[in-house]
Each structure stands twice: as C-alpha cells, then as structure tokens.
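Working notes, structure below.
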Amino acid sequence: TDVVELVTAAAAHIDQKSLIRRLVGELIELRRKDADWRSAWRLVSTTYGYDRYGGGVHIVPNHAIDIVGLLWSDNSFQKGLMITNTCGWDTDCNAGNVGCILGVRNGLAAFEGGPDWRGPVADQLYLATADGGRAISDALRETDFILETAHAIAGEKWFRPKGGARFHFSLPGSVQGFRSKGNLKLENTHHPTEPGQRVLTLHYRLESNGTSALLTPTFIPTEAIDMPGYNLLASPTLYSGQTVRASLFSDEKNFGSVAVGIQLQIYGEDDRLVAIRGPLQDFLPGKIVNLAWQVPDLGGAPIAQVGISIASREPAEGVVYLDHLSWDGSPNLSFHRPVASSRMWKRQWVNAADFFEDGFGETFRVIQNRGRGLVITGTREWTDYSVQASITPHLVKAFGLAARVQGLERYYALLLCNQNTLKLIKRLDGETILAEEVFVWEFGRPYDLQIAIKGNQISVSVDGALLFTVEDLDRPLSRGGIGLVCEEGRIGTDEVSVRSEFDRRGNG
C-alpha cells in the first residue's frame, strides 16, 4: 500500500472532532496539492509547535512530524528518515516511529541503496523493563518471541529454529549482536550444504600464535554504561553454572587446522573487560565441532559478552561457520562484592526500590519508604533452583526473598511480616497467600532465608529449618529470576546465593 493511502485510510478512523484528525487532514490536503515537505514543516511549526503544546515532547507536534515524514517519504525509508530528522524536535522517537512503519512496509529492502543502517546496530536491542534478564536482546530474538506469542494465541505450539537455540541466525543478514574482535570478518550467509538454513560465516586470518574472537553482549555494553539522559537497567543473560553450547563447522578448503573454544568477557577492575576462555579444541578442515563449557565461578563479576575464540600456532586463513550458540541449566553462583573495584557487579541488579546502597558495612542495603520495593536479577530461563540469603531487618514492616521473578507483578516471595508472621505469597493478577504461619522475629537479628523451587513445588526454610512445602497448581509461575524484598523500612545482606542442586528436603 502507498504510504499516502495508508495515512489517509488510518485518518478515517480518527474522531472527526479531534485535534489529531484536524492536523492529519491539513497535512494530507497539502500533500494532494503537491506542496513540498518544507511547506508542511512550516505549517506544523507555526500551528502545532512546542510553543503551543509544551511539556515533555508533546504528542501533538510529535505526531505531526511523524505524518510529515510518512506523507512525503515517497515510500522510501531513507527519505522518510531524512525528512523526519531534518524537521528536528524529538528526533529519536519520531524517527523511530517513521522508520518502523516504513521498515515494516518495505521489508529488508528498506535498508538497501543508502547508508549501512544495519551494520553499526548489529541487530541489538535494549528493552527497558523491571524484568532485567529481557533487557539485552536482538531483533531476531524478539522475532522469535512474537512468533511464539502469535502461535500461542492461535492455540498452537511454535518451535524456534535449531532446537530452540538463542542465537541461530535464521533470517537474512541477522548477526544477533555478534561483532568480530581481531582479524575476523563476519556475514550471514546460506548454509553451504543445507538448503533453507542460514549460518554466521567467519573469515579469519591469523598470524603465528594469533587469536581472534567473535562476541555478542550478555549485559550492559561498555558504550552504554554511562548513557546520557537514560540509565540502562539490565541483568546479565548468562551466569556461572550455566553451560554454553555452540556448533561450528569448517570449510573443507581450509588449509591446516585452528583451535576453537567458548570465550567470555567479564567486568573486572575499573569496569574493564577481562577475557575468560574455555578449553580449546582442534578444528580440522571440513569437520564439525560441538562445544560445551560450564561457566566457572567468576567471583561475583558479571558476564559482559559471550562468543567464540579462534587460535592458531601457525599463520592461518580460512572460513568457519557458526551454526548456533546457546546456553542452558540453572545458575550456581553467589552475588557479593567482588575483589575487583567495579560498578557493574551492582548494576546487574535492577533497582525497583527507593534506595539500593552498598556500604555502611553491608554489601546490599535496600530501603523502601512506602509500599513494597524489590531489587531483581536473573532471567526467565531460570527454572528449578534455590535462592538463599542471610538478611538483617533493621526497621521494616516486611522483608524477604523472591523467586521466579518476572518483573514487579509476577513472582513468588517468602516474607516475614509485622514481626510475628511468615508468608509464602504469589504475585500474579493480585496477591495470593499460598502458606502462612506464626513466626516471631525481631529487628537487628539476621535471618537465613531460603526458597527452593522445583517444578510446581516450593519449599521454604528459615535458619536451616524446613518450615513447609507447597505445591502451586493454579497458573503456576514456571520460570524467572530472584529478588530481595523490602516493605516500608530497611534491610541488609552481604550475599545472595543461587544453587541448582537440591537435597532430599528440596533445599539447595
């Protein structure tokens, strides 16, 4: 559909008396008269400008600029963005709206014939959400979520390509955040031997004892640590104890072998990236190698990137294909202040409390003035695990631990309330008490709290004693991260541990 026809048809569904309908109608009329976009801009700036509609980037002038960009784009992504950005004002939001519509209309062809729109972005997306494990994403991963949701609405099951791998590169041009480090060139290509499949193709050129790496972000990238105007809240997507898996095959025309392995980068001293490499495997021409490496204990440092390293003792040049990369399993780690001086160990917690401090003799101090506050980490891929922390209630109405957290309104929580009650609650479309009993507690005394969750069974322990086990069969939460909970007061702890192994009582 021509974009002018699209805007005209959409306008017909807007209330005839509304201001938005009036401005869209005036711009459509200008377009029909073959006025240029600068004339449209003059109309918008004099009639619908920020001087008339103040506040924080008002919807009326923003909407007007969007319509100008669309009507005068001639269906071109390039021209639409040029007009929208040249008009000025709220360029990031307006260009995003216009680019989205023209991108959907034109498909991948929208990005051809002009600047390299895709390369610098490398498919990466940052999603602002309290569910921090969703924050670091990419265009193909979000496509997977949309397809999964659409099939679920239709009552069907959709299976992600290549066994559900996180990175599968199955759409043209998709690199899913991967960028080369060293003498590597990468591109998305057809699979050499399997019709209909796509892979990430790596062209390498190594000197003697040379190493290169291909990496994608799993946490806040260095360039986004101090984003001006916006503070990116995120949790890592990969943790100690989980197993990274990758499948690669080499071109049969390669001369000689190289060595390949999993590589991580973690945030170390002064937020500098430090490489952590898994074991290397020899990789002969024309062969397939399947890598698997369980991420070791990293001393509380968050994982910033994951990918593949390629090394050679002799000068080497050739082609390697990355078919897919993913990870699985529950984490095994302790969150605490690492030895290295860094900000990022704390930034891996999404702060949804009034104050989240480190210091005053405690690694984590949470303060909430009114209502309930949480600090959250982990991802929706976590399923069965136990979470434990020794928490001191300094002066607080209620406090505790949360498990299978999916944001601020979906989680289980063990709460000590009103100095005389212990509760296990489920937050989902309101709040449900799954279990409750009398438990007298006091301010200033640390309590060792633990939630162990396996399938639909939830076990609660305090100071090493199992208090009760509950099975939740009514729309149970099947996965999610962890959180510290503070309601109207102050709590503190030095360490929060997550474990994937359970003893006979169900505890980690």
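Counting begins at 1 with the first residue of the sequence.
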*asked:* With a 4.0 Å cut-off on N to O distance, would you call Asp251 and Lys253 a salt bridge?
replied: no
*Under the ring-ring contact (aromatic ring centres under 6.0 Å, His included) rule, what do Trp345 and Phe335 come out as? Steps first, then yes or no, please.*
CA-CA 8 Å; Trp345 66 273; Phe335 295 95; over 10 Å; no
_In terms of relative ring orientation, are Phe364 and Trp349 parallel, tilted or perpendicular, with 30° and 60° separating the classes?_
tilted
_As an exercise, state the distance from OG1 of Thr216 to CG of Asp123, rounded to the nearest 0.5 Å._
9.0 Å
*asked:* Here's a test for you: under side-chain contact (heavy atoms from CB on, under 4.5 Å), which of Leu434, Asn456, Ile458 qualifies with Glu471?
replied: Asn456
*Is there a donor-acceptor contact under 3.5 Å linking the side chains of Ser342 and Asp271?*
yes
*State whether the number of non-hydrogen atoms from other residues, nucleotides or ligands found under 6.0 Å of Arg313 atom CZ is greater than 12.*
no
*asked:* Could you check whether any side-chain heavy atom of Leu484 comes within less than 4.5 Å of a side-chain heavy atom of Phe399, counting everything from C-beta outward?
replied: no
*salt_bridge(Arg475, Asp429) N-O dist < 4.0 Å*: yes
*Please answer whether the main-chain N or O of Asp74 pairs with a side-chain N or O of Lys79 as donor and acceptor at a distance below 3.5 Å.*
no
*asked:* Whether Glu269 and Arg272 form a salt bridge (side-chain N of Lys/Arg under 4.0 Å from carboxylate O of Asp/Glu) is what I want to check.
replied: no
*Between Phe169 and His191, is the ring centre distance below 6.0 Å?*
no
*Carboxylate-amine/guanidinium contact Asp384 Arg404, below 4.0 Å*: yes
Donor-acceptor contacts, no H, no angles, side chain residues 290-300, under 3.5 Å, sequence neighbours left out:
residue: Asn290; atom: OD1; partner: Ser247; partner atom: OG; Å: 3.0
residue: Gln294; atom: NE2; partner: Gly241; partner atom: O; Å: 3.0
residue: Asp297; atom: OD1; partner: Gly299; partner atom: N; Å: 2.9

_For Asp358 and Arg365: C-alpha separation, side-chain torsions, deciding distance, then whether salt bridge (Lys or Arg N to Asp or Glu O under 4.0 Å) applies._
CA-CA 6 Å; Asp358 60 283; Arg365 175 172 284 191; over 6 Å; no
*Before giving the answer on salt bridge (Lys or Arg N to Asp or Glu O under 4.0 Å), spell out for Lys287 and Asp282 the whole-Å C-alpha distance, their side-chain angles and the decisive distance to 0.1 Å.*
CA-CA 10 Å; Lys287 298 297 183 181; Asp282 287 334; over 6 Å; no
*Can you list the residues that meet the salt bridge (charged side-chain N to carboxylate O under 4.0 Å, His left out) rule with Glu409, with sequence neighbours excluded?*
Arg427
Donor-acceptor list for residues 133-147 side chains, cut-off 3.5 Å, not counting sequence neighbours:
residue: Arg134; atom: NH1; partner: Glu142; partner atom: OE2; Å: 3.0
residue: Arg134; atom: NH2; partner: Glu142; partner atom: OE1; Å: 3.2
residue: Ser137; atom: OG; partner: Glu142; partner atom: OE2; Å: 2.4
residue: Asp138; atom: OD1; partner: Leu140; partner atom: N; Å: 3.0
residue: Asp138; atom: OD1; partner: Arg141; partner atom: N; Å: 2.8
residue: Asp138; atom: OD1; partner: Gln176; partner atom: NE2; Å: 3.1
residue: Asp138; atom: OD2; partner: Gln176; partner atom: NE2; Å: 3.4
residue: Arg141; atom: NH2; partner: Glu381; partner atom: OE2; Å: 3.1
residue: Thr143; atom: OG1; partner: Ala139; partner atom: O; Å: 2.8
residue: Asp144; atom: OD1; partner: His168; partner atom: NE2; Å: 3.4
residue: Asp144; atom: OD2; partner: His168; partner atom: NE2; Å: 2.9

*Taking only Lys NZ, Arg NE, NH1 and NH2, and the carboxylate oxygens of Asp or Glu, determine whether Arg380 and Asp131 approach each other closer than 4.0 Å.*
yes
*asked:* If we count only N and O atoms by modelled type, under 3.5 Å, do the side chains of Asn332 and Tyr239 hold a donor and an acceptor together?
replied: no
*Leu322 side chain near Val320 side chain, heavy-atom distance below 4.5 Å*: no
*Do Trp327 and Thr218 come close enough that some side-chain heavy atom pair is under 4.5 Å?*
yes
*Please tell me if the side chains of Gln406 and Tyr411 come closer than 4.5 Å, counting only heavy atoms from C-beta onward.*
no
*Report yes if some heavy atom in the side chain of Ile276 is under 4.5 Å from a heavy atom in the side chain of Gln263; otherwise report no.*
no
*Return the orientation label for the Tyr267 and Phe219 ring planes: parallel under 30°, perpendicular over 60°, tilted otherwise.*
perpendicular
*Has His151 got more than 12 heavy atoms of other residues, nucleotides or ligands less than 6.0 Å from its NE2?*
yes
